[in-house]
Participant: 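Input: one structure, supplied below.
First listed ligand is number 1; within each ligand, the first listed atom is number 1.
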Amino acid sequence: MQILDGNLVSQATRDELKIKVAQLVVEGKKIPHLAAILVGSNGASETYVASKVKTCEEIGFKSTMIRLEETISEFKLLQIIERLNNDPDIDGILVQLPLPKHISDEKVIHAIDPEKDVDGFHPVNIGKMVQGLPTFIPATPHGVMLMLEHYKIDTRGKHAVVIGRSNIVGRPMSILLSANTNPGNCTVTICHSHTVNLKEICRSADIIVAALGRPEFVTADMVKQGAVVIDVGITRVEDASKKRGYSIKGDVLFNEVAPLSSYITPVPGGVGPMTIAALMKNTYSACINNN
Ligand code: NAP
């Protein structure tokens, strides 16, 4: 069994970007600039945005963090996005999800200029991804693909089971794994809360991507010997033994599943850091495309 080390692969990607940004500086060209919008004060969202901004600094990107009150109106938020769309210095815009109930995720995602949509959630970019055209690929599935590529995991002809069909993780993941690319060329089954016989389906998987947000859901009896197991889940679970009062759990019962698997991602330190690395790659591409 080999651990797929997201920290290591993410660092390699970030080091590569650092060199590319230094080159832009030498050439007197524009450096990438990411604008991150955080609405309200959700603990997990705060952590994600802070770490995205910190990574920008580490690589040498510019970043602008826009913190907005939980009560901001949808109209006001759309106006801010419009301003960022029209600002030539901003290359990438991300709005941290989830948004408060009174704001439509859909309206906000649709308002971002597709050329600056570094999260890759805009329907134009999703459409391009489905057709295999160059575009911004949603950061988490993109990060998983970078990890498979880095470890040269053979995916061709394999049966991949993706648990979860959200627009930001499961669905794009299933499309990328089924694409005529390397990694890719899998035969994909996508599962969700209405799937019957999930255990049996998982047991037939060469590759499992668990992205359902149910801590330790995937157990040993769902995994065949030698499977590749990618755990996307991140859930904060109350834990009085921790100073911060919670621990982070993935969707896979790691201790039980790891001995069966050929490769497995830990949580934390697996897909999470890869998501940030992929976002940075998208931001770099946005800057190069727009200038
Ligand atoms: P989501 O929007 O809540 O989607 C969850 C999906 O899982 C849905 O399609 C749902 O099915 C399915 N599901 C729920 N319970 C199930 C069950 N018992 N059996 C089979 N399918 C089930 O979640 P998400 O945004 O995709 O995120 C999934 C997880 O990934 C979360 O833990 C999230 O925190 C984590 N995440 C991690 C990263 C990272 O960087 N590592 C990034 C994004 C998200 P229905 O469609 O039928 O409801």
Participant: Can Ile37 be reached from Phe136 by stepping across I, L, V, M, F, W or Y side chains whose heavy atoms are under 4.5 Å apart?
Facilitator: no
Participant: To the nearest 0.1 Å, how far is atom 31 (C) of ligand 1 from its closest protein heavy atom, and which atom is that?
Facilitator: Gly213 CA, 3.6 Å
Participant: Between the side chain of Lys30 and the main-chain N/O of Asp89, is any donor-acceptor distance below 3.5 Å?
Facilitator: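 Between the backbone of Asp89 and the side chain of Lys30 there is a qualifying donor-acceptor contact (under 3.5 Å).
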Participant: For atom 20 (C) of ligand 1, what's the nearest protein heavy-atom neighbour? Residue, atom name and distance, please.
Facilitator: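 That would be His192 O, 3.2 Å.
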Participant: Hey, is Thr140 touching ligand 1 through its side chain, its backbone, both or neither, going by heavy atoms under 4.0 Å?
Facilitator: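 For Thr140, the contact with ligand 1 is made by the side chain alone.
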Participant: When only distance counts, is Thr275 in polar contact with ligand 1, meaning an N/O pair under 3.5 Å?
Facilitator: yes
Participant: I'd like to know if the side chain of Tyr151 and the backbone of Asp5 have a donor-acceptor N/O pair within less than 3.5 Å.
Facilitator: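 Flag set: sc Tyr151 to bb Asp5 pair under 3.5 Å.
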Participant: Say whether Phe217 and ligand 1 are in contact under the criterion: heavy-atom distance to a ligand atom below 4.0 Å.
Facilitator: yes
Participant: So which heavy atom in the protein is nearest atom 1 (P) of ligand 1, and how far is it from that ligand atom?
Facilitator: Ser166 CB, 4.1 Å
Participant: Any side-chain donor paired with an acceptor under 3.5 Å for Asp15 and Gln11?
Facilitator: yes
Participant: Looking only at protein heavy atoms, which one is nearest to atom 34 (O) of ligand 1, and how far off is it?
Facilitator: Ile234 O, 2.9 Å
Participant: Taking 4.0 Å as the limit for heavy-atom contacts, which would you say applies to Arg214 with ligand 1: side chain only, backbone only, both, or neither?
Facilitator: side chain
Participant: May I ask whether atom 13 (N) of ligand 1 is less than 4.0 Å from at least one protein heavy atom?
Facilitator: yes
Participant: Counting N and O atoms only, with roles assigned by atom type, does the side chain of Glu256 sit under 3.5 Å from a partner on the main chain of Ala220, one being a donor and the other an acceptor?
Facilitator: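 Checked: pair present.
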Participant: Can you tell me which residue and heavy atom of the protein come closest to atom 36 (N) of ligand 1, and the distance to 0.1 Å?
Facilitator: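 Its nearest protein heavy-atom neighbour is Val232 O, 3.7 Å.
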Participant: Quiz question: by atom type and distance under 3.5 Å, do the side chains of Thr135 and Asn125 form a donor-acceptor pair?
Facilitator: yes
Participant: Closer than 3.5 angstrom, by distance alone: can the side chain of Thr187 be matched with the main-chain N or O of His159 as a donor-acceptor pair?
Facilitator: no
Participant: Does the residue Ile168 have a heavy-atom contact with ligand 1, meaning some pair of atoms that are separated by less than 4.0 Å?
Facilitator: yes
Participant: If I apply the N/O under 3.5 Å rule, does Arg165 come out as touching ligand 1?
Facilitator: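 Yes, Arg165 has an N/O under 3.5 Å of an N/O on ligand 1.
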Participant: Would Ile81 end up clustered with Leu97 when hydrophobic side chains under 4.5 Å apart are linked, directly or stepwise?
Facilitator: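 Yes, because Ile81 and Leu97 connect within a single hydrophobic cluster, where side-chain heavy atoms sit under 4.5 Å apart.
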Participant: Check ligand 1 against Val169 and write out every atom of the ligand that is under 4.0 Å from a heavy-atom position of the residue.
Facilitator: 26 (O), 43 (C), 44 (C)
Participant: With the threshold set at 4.0 Å, does a side-chain nitrogen-carboxylate oxygen contact exist between Lys54 and Glu57?
Facilitator: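 Looking at Glu57 together with Lys54, the answer is no, because their closest N to O distance does not fall below 4.0 Å.
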Participant: Tell me which protein heavy atom sits closest to atom 16 (C) of ligand 1, plus the residue, atom name and distance to 0.1 Å.
Facilitator: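 Residue, atom and distance for the closest contact: Leu212 CD1, 3.5 Å.
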Participant: With heavy-atom distances below 4.0 Å as the criterion, list the atoms of ligand 1 near Ser193.
Facilitator: 11 (O), 20 (C), 21 (N), 22 (C), 45 (P), 47 (O), 48 (O)
Participant: Mark the output for Gly272 as yes if a heavy-atom distance to ligand 1 is under 4.0 Å, and as no if none is.
Facilitator: yes
Participant: Can you report which non-hydrogen protein atom sits closest to atom 6 (C) of ligand 1, along with the distance?
Facilitator: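 Going by distance alone, atom 6 (C) of ligand 1 is nearest to Gly164 CA, 3.6 Å.
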Participant: Strictly below 4.0 Å, N to O, side chains only: are Lys224 and Asp206 in salt-bridge contact?
Facilitator: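 Asp206 and Lys224: salt-bridged.
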Participant: Any donor-acceptor pair under 3.5 Å linking the side chain of Asp119 with the backbone of Leu94?
Facilitator: no
